[in-house]
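One structure is given here, and the rest of the page talks about it.
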Amino acid sequence: MQHTRTLAGIALAAAAVVTLAGCSATSSASTSSGSGDTDWKTATSAESAGGMDALVKAAKAEGQLNVIALPPTWANYGKIIDGFEKKYDIKINSANPNGSSADEVAAVKSQKGQSTAPDVLDLGNAVLQQNLDLLTDYKVANWSDIPDTLKDADGKWTRDYTGLMSIGYDSSKITDAPKDLNDLLGSEYEGKVSIAGDPTQANQAASAVYLAALENGGSADDITKGVDYFGKLKQAGNFQNVLPTQATVASGETPVVVQWSYNNLAWGPAAGSSGNKNWKTVVPEGQALGSYYSQAINKDAPHPAAARLWQEYIASPDAQNLYLQAGAFPSTLAAMEQSGTVDKDALEAAGGMPKDYVELTDAQVTDAAKVLAAKWSATMGS
């Protein structure tokens, strides 16, 4: 893969992304496991509690699943949610689709014991590591397909998909394609550059800071220079303190967004009439930065069987290929290639994982969170 990645190929695969409206959470979810004496709250695998047929039966009896912070255009979650509902006839209640990982955790804590509490979580690594006590162990049927480096040994979490940190830009407003983050310091970008939230709260925004550190003489061990870069961006008048969404990109309100490649791709021509036909995506030169998101089950999930069935579904080739179609690299990619279950067209369009890929370790993420907590607000004046 070339150092400058325009990702035009992935954009073709991302055409499969749909924009379905998320269902609002309701309070009518059943707390019954629907499976006789089986306690699905403590089941650590389907096999340990009667098998997949028993799990499906119990999940259907519950009838609902509560998810949170899953925008329909994020990594193809619109299609993934739709596929689960159609396959199992289980209603998904999708709360706060534009929320952050921190918002997910806050909902788990504030709604504990309520039928509206999130059943499952999709978390960035920093927030995940800080809240392991909220999660429960569960191993999906194809556990061996997930590399050991991408899962907790006991099943408390599994990495699921990753993109690459990228620059999305409106080519009708930016004439020359940016090659890296430092290009964004130029006068052409005055008041135009935004990131996806607060880096102390959201993994995607924090990852923009990580990338800035790598580009400016810092490292995965010390992201201080990434915070310094954003201080310079603000001093130049180029930082736009607006949360970007597909709507703000389509309207032109946020002309440049630093975020995951699968999100930038989904907000451009692939989104059809709801996207920005002039939106282009570039992965900056040099080291590519990624970060797998982790799937986990709320230990107090109001729908414990449906929560476990969701984990089985999103680890299956059906859902893993949907991630890939949106330009996100799934955790079981190597196993799917070996078994012949991978979507070859989507894989060809995505171009494969770059060889110069960097991802922060758990320890590095923890240290980075401390730097952000100490420096971000003071540097950005927020």
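Not measured: the values here are computed from a predicted model.
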Scan the side chains in residues 210-217 for donor-acceptor partners under 3.5 Å anywhere in the protein, sequence neighbours excluded, and list what turns up.
residue, atom, partner, partner atom, Å
Glu215, OE1, Leu181, N, 2.9
Asn216, OD1, Asn182, ND2, 3.4
Asn216, ND2, Ala212, O, 2.7

Check your understanding: Relative to the ring of Tyr77, is the ring of Trp310 parallel (under 30°), tilted (30 to 60°) or perpendicular (over 60°)?
Key -> parallel
Exercise for review: Answer yes if the side chains of Asn321 and Gln325 hold a donor-acceptor pair under 3.5 Å, and no otherwise.
Suggested key: no
Exercise for review: Check the side chains of Ser261 and Asn264 for a donor-acceptor pair under 3.5 angstrom, ignoring hydrogens and angles.
Suggested key: no
Point to revise | Hydrophobic cluster of Val242, others only, ordered by chain and residue number, side-chain cut-off 4.5 Å | key: none
Exercise for review: Measure from the side-chain N and O atoms of Glu85 to the backbone N and O of Ile92, and report whether any donor-acceptor pair falls under 3.5 Å.
Suggested key: yes
Point to revise | Residues that Lys151 engages under salt bridge (charged side-chain N to carboxylate O under 4.0 Å, His left out), provided they are two or more places apart | key: Asp148
Review point. Is there a side-chain contact between Trp267 and Thr73, using heavy atoms and a 4.5 Å cut-off?
Key: yes
Check your understanding: Is a side-chain donor-acceptor pair under 3.5 Å present for Ser316 with Asp318?
Key -> no
Practice item. Assess the side chains of Thr254 and Gln240: does a donor N or O sit below 3.5 Å from an acceptor N or O? Key: no
Practice item. State, yes or no, whether a side-chain contact exists between Ile195 and Gln259 at a heavy-atom distance under 4.5 Å. Key: no
Practice item. Give me the one residue out of Phe329, Tyr323, Tyr292 that meets ring-ring contact (aromatic ring centres under 6.0 Å, His included) with Tyr161. Key: Tyr323
Exercise for review: Check whether any side-chain heavy atom of Val249 sits under 4.5 Å from a side-chain heavy atom of Trp279, and report yes or no.
Suggested key: yes
Exercise for review: Scan for salt bridge (charged side-chain N to carboxylate O under 4.0 Å, His left out) pairs involving residues 358-374, sequence neighbours excluded, and state none if there are none.
Suggested key: Arg159-Asp362
Check your understanding: Going by heavy atoms in the side chains, are Thr332 and Leu150 under 4.5 Å from each other?
Key -> no
Study note, to complete from the structure: The ring-ring contact (aromatic ring centres under 6.0 Å, His included) partners of Tyr88 (sequence neighbours excluded) come to Phe84
Practice item. Scan residues 123-146 for pairs that pass salt bridge (charged side-chain N to carboxylate O under 4.0 Å, His left out), counting only residues two or more places apart or in two chains. Key: Asp137-Lys156
Practice item. Calculate, to the nearest 0.5 Å, the distance between atoms OH and OG1 belonging to Tyr138 and Thr158 respectively. Key: 11.0 Å
**Study point:** Pairwise side-chain contact, Val108 with Val105, heavy-atom cut-off 4.5 Å (strictly under)
**Key:** no
**Study point:** Verify same cluster id: Tyr169, Leu289 (apolar side-chain graph, 4.5 Å)
**Key:** yes
Check your understanding: Under 3.5 Å, is there a donor-acceptor pair between the Trp260 and Tyr293 side chains?
Key -> yes
Check your understanding: Taking atom OG of Ser294 and atom CG of Leu121, what is their separation to the nearest 0.5 Å?
Key -> 10.5 Å
Check your understanding: Just checking, is any N or O donor in the side chain of Gln320 or Asp160 under 3.5 Å from an acceptor N or O on the other one?
Key -> yes
Review point. Regarding Asn263 and Gln204, is there a side-chain donor-to-acceptor distance under 3.5 Å anywhere?
Key: yes
